[in-house]
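To start, the structure under review is shown below, and the notes come after it.
Computed from a predicted structure; not experimentally measured.
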Amino acid sequence: MEKPSLWLPTMQVVLKLHIVRSPSINQILIDMAYFNILLNSLWGNKVRLLYTSGSIVVAFVLFGLLLPLDRVFSSRVIFADADRLVVTNKTSIMRPLPVAYQSEIEEISGTLLVGHFTLFGAFYQTPEQGIAALATDPERFNEMVDEVEFVDKQAYQNWLNNPTGVAVGRQLAERFNWSQGDIIPLFSNFYQRNDGSRVWTFTISAIYDGVGKDANTNSLIINYEYFDRARNSRQGTVGWYAVRIADAKEAEQYATRLDEHFKNRPAPTKTTTEKMFAQSFLQQVGNFGQMISIALILVFWTVILVTANAMAQSVRQQYYSYGVLKAIGFSNAAVFKLVVLEGACLVLASGGVGLGLAFMIIHVVSGSTNQMLSYMSMNAMDVTWGALLMLVIAIITSVLPASSASRCAIGQAMKE
C-alpha cells in the first residue's frame with residue numbers, strides 16, 4: 001500500500017532542524033513544517049476538498065443574505081422624512097376600508113393629497129403569468145405616484161376617458177409584447193364580475209414609463225370607478241389609501257392623528273410608511289424571521305455533518321503520517337493543534353469566500369432596485385457573527401478527529 005506523502009516535506013524540514021542550531025531559524029523551519037503539513041493535508045483529496053468547501057461557501061452565502069433580509073422584514077417603523085404614508089385596515093391588511101374615508105382624510109390637518117388603491121390580483125393566460133394589477137382613480141394615480149410618467153399625453157387622456165381602459169407599465173408591456181389598443185383578458189383571483197365570471201377584458205389605453213433607470217414599471221392600473229361598478233362584491237371599499245403630507249418631519253404625529261380619527265369606527269385604520277406596508281404584504285405569507293432561522297439551522301446542521309465527516313476521513317487517511325510525526329518528536333498537543341488548524345483553515349477560508357460573495361450579491365441587488373430590497377446591507381455585526389460561527393463550526397468538526405489523531409499509538413499508526 002502506498003503511504004501518504006505528507007511525511008516527506010516534514011522529514012526534510014526535521015533533518016534541517018538537526019543541522020541548523022539557531023533557535024530563530026529552527027522556529028522558522030518548524031513553522032514551515034506546519035505549513036507544508038497543512039497544505040498537503042488539505043490538498044490530499046481534491047474532490048473531497050471541493051465538495052466540503054463548496055458546501056461551506058453556499059452556507060455562508062445564505063447566511064450573509066438571510067441576515068440582512070431578516071432585518072428588512074423585521075425592522076421597526078421609521079417615519080423620518082416619509083412624506084407619503086399608507087393607511088390600511090388595522091385588523092388586517094387584507095380587509096378593505098370604506099371609500100368614503102377619502103373625504104375625511106382630506107380634512108385632517110397636514111394632508112396634501114389622498115389616493116386609494118385596490119389589489120386586483122390577476123394573471124394573464126396562465127396562473128404562472130401573474131400581474132401586479134391595481135384599481136385606482138386614474139387622475140390621482142398620476143398625481144400621487146412620482147415614480148412614473150406618461151410621455152404620450154394624448155394616450156393618457158384616452159385612458160381617462162375610457163372606463164374599460166388600462167394603463168400598462170413599460171416593462172410589463174415589453175414582457176407580453178403589448179401595445180396601445182390591444183384588448184387583453186385578465187383572470188382575477190379576488191373578484192368576480194356581476195355576471196359571475198372572473199375573466200375581465202380591458203383595452204390598453206396608455207403605457208407609462210418610469211422616472212429614473214431603477215423605476216419599476218412592471219404593473220397595470222385599472223379605472224377604479226368602472227371596476228367598482230362591475231364587481232359583484234365589496235362595492236364601495238378600497239384596499240388602502242396613499243396619503244401625501246405637507247411636512248415629512250411631522251409624519252409620525254400625522255399618523256397618530258389620522259388613526260385616532262378612525263379609532264372607534266367599524267374599520268379602524270393603521271397608518272405607516274410605504275416600506276412597512278410592503279413588509280405587511282410579505283408577512284401575510286408567514287413569519288419570515290422564524291422561517292429564516294429554521295432555514296439557517298438546517299443549513300448549518302448539514303454543513304457541520306458534511307465537514308465533520310470530511311475531517312474524520314482526512315484523519316483516517318493521514319493516520320500513518322501522524323504516526324511519523326509523533327515518531328520524529330511531535331507531541332500529542334502538536335498533532336492535536338495541527339488537525340484543528342486544518343479544520344479552521346478549511347472553514348475560515350470557505351466561509352470568508354461565502355460572506356464575500358453574499359456582500360457582492362447584496363450590493364448588486366440593493367443597487368438595482370428602489371423597492372424593499374434596496375434596504376438590504378451587510379454590516380460589521382453580520383461579519384462578526386459570521387466569523388464567530390466559522391470558529392464554532394471549525395471547533396465542533398475538528399475536536400473529535402484531532403483527539404483521535406493525537407492519541408494514536410505510533411506502532412499502530414505505522415501499520416495503517
Check against side-chain contact (heavy atoms from CB on, under 4.5 Å), L172 and S219: CA-CA 6 Å; L172 185 62; S219 54; 5.7 Å; no
Decide yes or no on side chain to side chain donor-acceptor pair (under 3.5 Å) for T271 and Y241, but give the supporting numbers first. CA-CA 9 Å; T271 305; Y241 288 96; over 6 Å; no
Would I245 and D247 count as a side-chain contact (heavy atoms from CB on, under 4.5 Å) here? Give the steps. CA-CA 6 Å; I245 61 176; D247 188 355; 6.0 Å; no
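To the nearest 0.5 angstrom, Q180 atom CD is 12.0 Å from T203 atom OG1. Distance CE/M311 to OG1/T52: 9.5 Å, rounded to 0.5 Å. Here the straight-line distance linking atom CG of N379 with atom OG1 of T384 works out to 8.5 Å at 0.5 Å rounding. Taking CD1 from I56 and OG1 from T397, the interatomic distance works out to 7.5 Å, rounded to the nearest 0.5 Å. Between E149 atom CD and N142 atom CG the span is 9.5 Å, to the nearest 0.5 Å. One distance of note links CG of D209 with CD of Q171; it measures 9.5 Å at 0.5 Å rounding.
Under the 6.0 Å cut-off for aromatic ring centres, F120 and Y224 do not qualify, their centroids lying 6.0 Å or more apart.
With R140 contributing its side chain and H116 its backbone, the two residues share no donor-acceptor pair below 3.5 Å. Although no hydrogens or angles enter the test, the distance criterion places a donor-acceptor pair under 3.5 Å between the side chain of T302 and the main chain of L298. No donor-acceptor pair closer than 3.5 Å links the side chain of R234 to the backbone N or O of P96. Looking at Y101, its side chain never comes within 3.5 Å of a backbone N or O of F262 through a donor-acceptor pair. Between the side chain of T269 and the backbone N or O of V87 there is no donor-acceptor pair closer than 3.5 Å.
The shortest distance between side-chain heavy atoms of D259 and K90 does not fall below 4.5 Å. Side-chain atoms of Q235 and N194, non-hydrogen and from C-beta on, do get closer than 4.5 Å to each other. P68 has its side chain within reach of D382: a pair of non-hydrogen atoms, C-beta onward, lies under 4.5 Å apart. Between I207 and D152, every side-chain heavy-atom pair lies at or beyond the 4.5 Å cut-off.
For Y51, the OH atom sits in a loose shell: 12 or fewer heavy atoms of surrounding residues, nucleotides or ligands are nearer than 6.0 Å. The number of heavy atoms from other shown groups lying within 6.0 Å of CD (E225) does not exceed 12. Within 6.0 Å of atom CZ in R95, 12 or fewer heavy atoms from other residues, nucleotides or ligands are found, so the atom counts as exposed in its surroundings. Within a 6.0 Å sphere centred on CZ of F359, heavy atoms belonging to other residues, nucleotides or ligands number 12 at most.
Of the options F123, Y124, W200, a ring-ring contact (aromatic ring centres under 6.0 Å, His included) to F187 is made by F123 and by none of the others.
Ring pair F227/Y191 is perpendicular by interplanar angle, where above 60° counts as perpendicular and below 30° as parallel.
Side-chain contact of N158 with S205: a donor-acceptor pair under 3.5 Å is absent, judged by distance alone.
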